[in-house]
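First up is the structure itself, then whatever we jot down about it.
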Amino acid sequence: MSLKSERRGIHVDQSELLCKKGCGYYGNPAWQGFCSKCWREEYHKARQKQIQEDWELAERLQREEEEAYASSQSTQGAQSLTFSKFEEKKTNEKTRKVTTVKKFFTASSRAGAKKEIQEAKAPSPAIHRQASIETDRVSKEFIEFIRTYQKPGQDIYKQCKLFLDTMSHKRDLSIEEQSECAQDFYQNVADRLQTRWKVPPEKVEKAMDEVEKYIMTRQYKYVFCPETTDDEKKDLAVQKRIRALHWVTPQMLCVPVSEEIPEVSDMVVKAITDIIEMDSKRVPRDKLACITKCSKHIFNAIKITKNEPASADDFLPTLIYIVLKGNPPRLQSNIQYITRFCNPSRLMTGEDGYYFTNLCCAVAFIEKLDAQSLNLSQEDFDRFMTGQTSPKKQESDSFSPDVCLGVKQMCKSLDLLSQLNERQERIVSEAKKLEKDLIDWTDGITKEVEDIVEKYPLEIKPKSQALAAIDSENVENDKLPPPLQPQLHPAPTPWCS
């Protein structure tokens, strides 16, 4: 992947992030620009070619040896030649025995030295306990998960246990060969779920995430930054390089982010925290999640600063700046660990693959960063790298030696006032915008109320009349008989005796 530098800033064509074989998946610098699938195909081809060449070489050497032996038998000095070969063989055997004896007597000292190195590198018992607790927790969660898959879950658990047992006997393999075993295992389990158990694709993806979490939590201490690789050496080189570039400013990288805005500054801090937190995770998928969260914070910071969605040309320079400012620990080891043992489908497609590919590009850019990349002269770049001066110091030393201290202080004060004026103008502009929004909101509410009143006018009905007689509204009252009138009757006269 070729990284380009232009006056407008760092630019990487999106087509350069894809596999150079043209399959449409994301490539990776660790795979020489290929995606995981194409890299494995190329790796197998190269391996088969190497095996074939070694076989042909062995056959040719054996044939030449047989021809030389046959010609030596036909010569007159066959007996002397045989005797000389016997002497040579005897000398070699003696030398090998001496070497074996030396190794036997020096083994204890080497073993002691190796033990001291391992003890020096060994983490504290507290870290071991924490790792053991996490492993037990992940194992319980994995068992609870596969129970939901019933028979396919039992098969998954059986395959995982078999794989872990196999890997425990392959510690002496190179890290590339162990990575190849893990990738083959992922592919076989996924194919087994799809073809034999007919599991839906979405459930297969979820199951593969849990499988990766289970086996890599157990394999982490053996395959992360192993001593057989130069990962640790690369980590130190990258850290040293980033420390040497501490003077690089956002303006040099054309980073479209203004940390003077409090919300943007918070986003930058969160992005740095996420990229640093990546080293504390044990599962490749969790490390990828940290990269994704970091990238999303970067996009939000750019969006807030520019008041428009961020583009890919804005994202990569900002990611480079975040890496330079955060200087994540064991960056190369984490990238290599993800590349070797992550489920390949995550790196080839999706947002995780896109962000991870950009991170690889950012690290490659930092390793090759030069004066032209930052639009600087070679002289200034060398002075900054050696620590003779810095961009901020250079700005303060731009005055001629004859200028008095008061003028320098005045210029600095004017520059500070200019910055404060810009901030004041921005605050006033935002206040006016807020005032306009409030006015528009008030007018909108008033208009809505008026429309509702117009649509549903308020009608005030007259006061209802008093209740009349029950038959007051009956039109046939005249045909009814008159109402009964009460009549008074005299009381009866009592009897006299």
Side-chain angles (χ1 to χ4, degrees), residues 1 19-23 25 27-104 106-107 110 114 163 165-188 219 222-223 225-234 237 332-333 335-337 339-341 344 347-348 364:
M1 298 182 191
C19 176
K20 66 181 184 181
K21 201 171 182 179
C23 64
Y25 295 121
N28 192 313
W31 294 325
Q32 299 178 7
F34 294 103
C35 67
S36 175
K37 182 180 179 182
C38 296
W39 167 249
R40 293 183 68 191
E41 293 175 356
E42 294 295 326
Y43 177 77
H44 282 300
K45 288 180 182 178
R47 194 173 181 181
Q48 292 298 326
K49 183 179 179 182
Q50 185 65 38
I51 293 173
Q52 183 66 24
E53 291 177 354
D54 293 344
W55 180 261
E56 293 175 355
L57 178 61
E59 288 183 341
R60 182 168 58 84
L61 292 175
Q62 184 178 4
R63 189 166 54 251
E64 291 177 355
E65 186 177 354
E66 291 175 353
E67 292 175 356
Y69 180 75
S71 62
S72 64
Q73 291 294 329
S74 62
T75 59
Q76 297 179 355
Q79 186 174 359
S80 60
L81 181 62
T82 304
F83 181 78
S84 63
K85 284 189 174 181
F86 173 75
E87 288 293 331
E88 182 180 356
K89 182 178 180 181
K90 185 176 180 181
T91 304
N92 293 338
E93 185 69 20
K94 185 178 180 180
T95 305
R96 187 165 60 252
K97 288 181 179 180
V98 172
T99 306
T100 305
V101 173
K102 288 182 178 179
K103 288 182 178 179
F104 177 80
T106 57
R110 291 182 181 177
K114 185 175 181 180
F163 172 77
D165 183 63
T166 303
M167 292 301 293
S168 65
H169 296 89
K170 293 184 177 181
R171 303 286 186 223
D172 55 338
L173 293 180
S174 67
I175 195 65
E176 286 77 16
E177 291 174 322
Q178 294 186 54
S179 170
E180 190 72 14
C181 292
Q183 300 296 329
D184 290 339
F185 173 73
Y186 290 146
Q187 187 65 44
N188 292 336
Q219 290 290 106
Y222 304 111
V223 298
C225 191
E227 295 181 358
T228 56
T229 65
D230 58 349
D231 292 351
E232 186 176 359
K233 183 179 179 181
K234 291 180 179 179
Q332 281 288 2
S333 291
I335 290 177
Q336 292 297 331
Y337 177 69
T339 302
R340 292 164 182 159
F341 297 102
L347 300 183
M348 294 191 297

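Heads up: numbering here begins at 1 and tracks the sequence.
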task: Find the distance between CD (Gln336) and CD1 (Ile175) and round it off to the nearest 0.5 Å.
output: 10.0 Å
- prompt: If you measure from CD1 on Ile335 to NZ on Lys234, what distance do you get to the nearest 0.5 Å?
  reply: 10.5 Å
field: Residue list, salt bridge (Lys or Arg N to Asp or Glu O under 4.0 Å) with Glu64, at least two apart or on another chain
entry: Arg60
message: Could you measure the distance from the CZ atom of Phe185 to the CE atom of Met167? Nearest 0.5 Å is fine.
response: 10.5 Å
statement: What one should report as the nearest heavy-atom pair of Gln178 and Val223 is OE1-CG1, 3.5 Å
message: Glu53: which residues meet the side chain to side chain contact (heavy atoms under 4.5 Å, CB included) condition with it, sequence neighbours left out?
response: Lys49, Gln50
message: Just to verify, what does Arg63 make a salt bridge (Lys or Arg N to Asp or Glu O under 4.0 Å) with, not counting sequence neighbours?
response: none
- request: For Tyr186, check ring pair (Phe, Tyr, Trp, His ring centres under 6.0 Å) against everything at least two apart and list the hits.
  value: none
message: According to side chain to side chain donor-acceptor pair (under 3.5 Å), who are the partners of Glu65, at least two apart in sequence or on a separate chain?
response: none
message: Could you check whether any side-chain N or O of Glu232 sits under 3.5 Å from a backbone N or O of Glu227, counting only pairs where one atom can act as donor and the other as acceptor?
response: no
- request: Please list all pairs passing the salt bridge (Lys or Arg N to Asp or Glu O under 4.0 Å) test where one or both residues lie in residues 165-177, with sequence neighbours left out.
  value: Arg47-Glu177
task: Could you tell me the separation between the OG atom of Ser168 and the CD atom of Gln219, rounded to the nearest 0.5 Å?
output: 8.0 Å
message: Once side chain to side chain donor-acceptor pair (under 3.5 Å) is applied, do any residues pair with Thr229, and if so which ones, sequence neighbours excluded?
response: Asp231
query: Taking only residues two or more places apart in sequence, or in another chain, which ones meet Gln332 in a side chain to side chain donor-acceptor pair (under 3.5 Å)?
result: Glu367
- prompt: What residues form a side chain to side chain contact (heavy atoms under 4.5 Å, CB included) with Ser179, not counting sequence neighbours?
  reply: Gln183, Arg340, Phe341
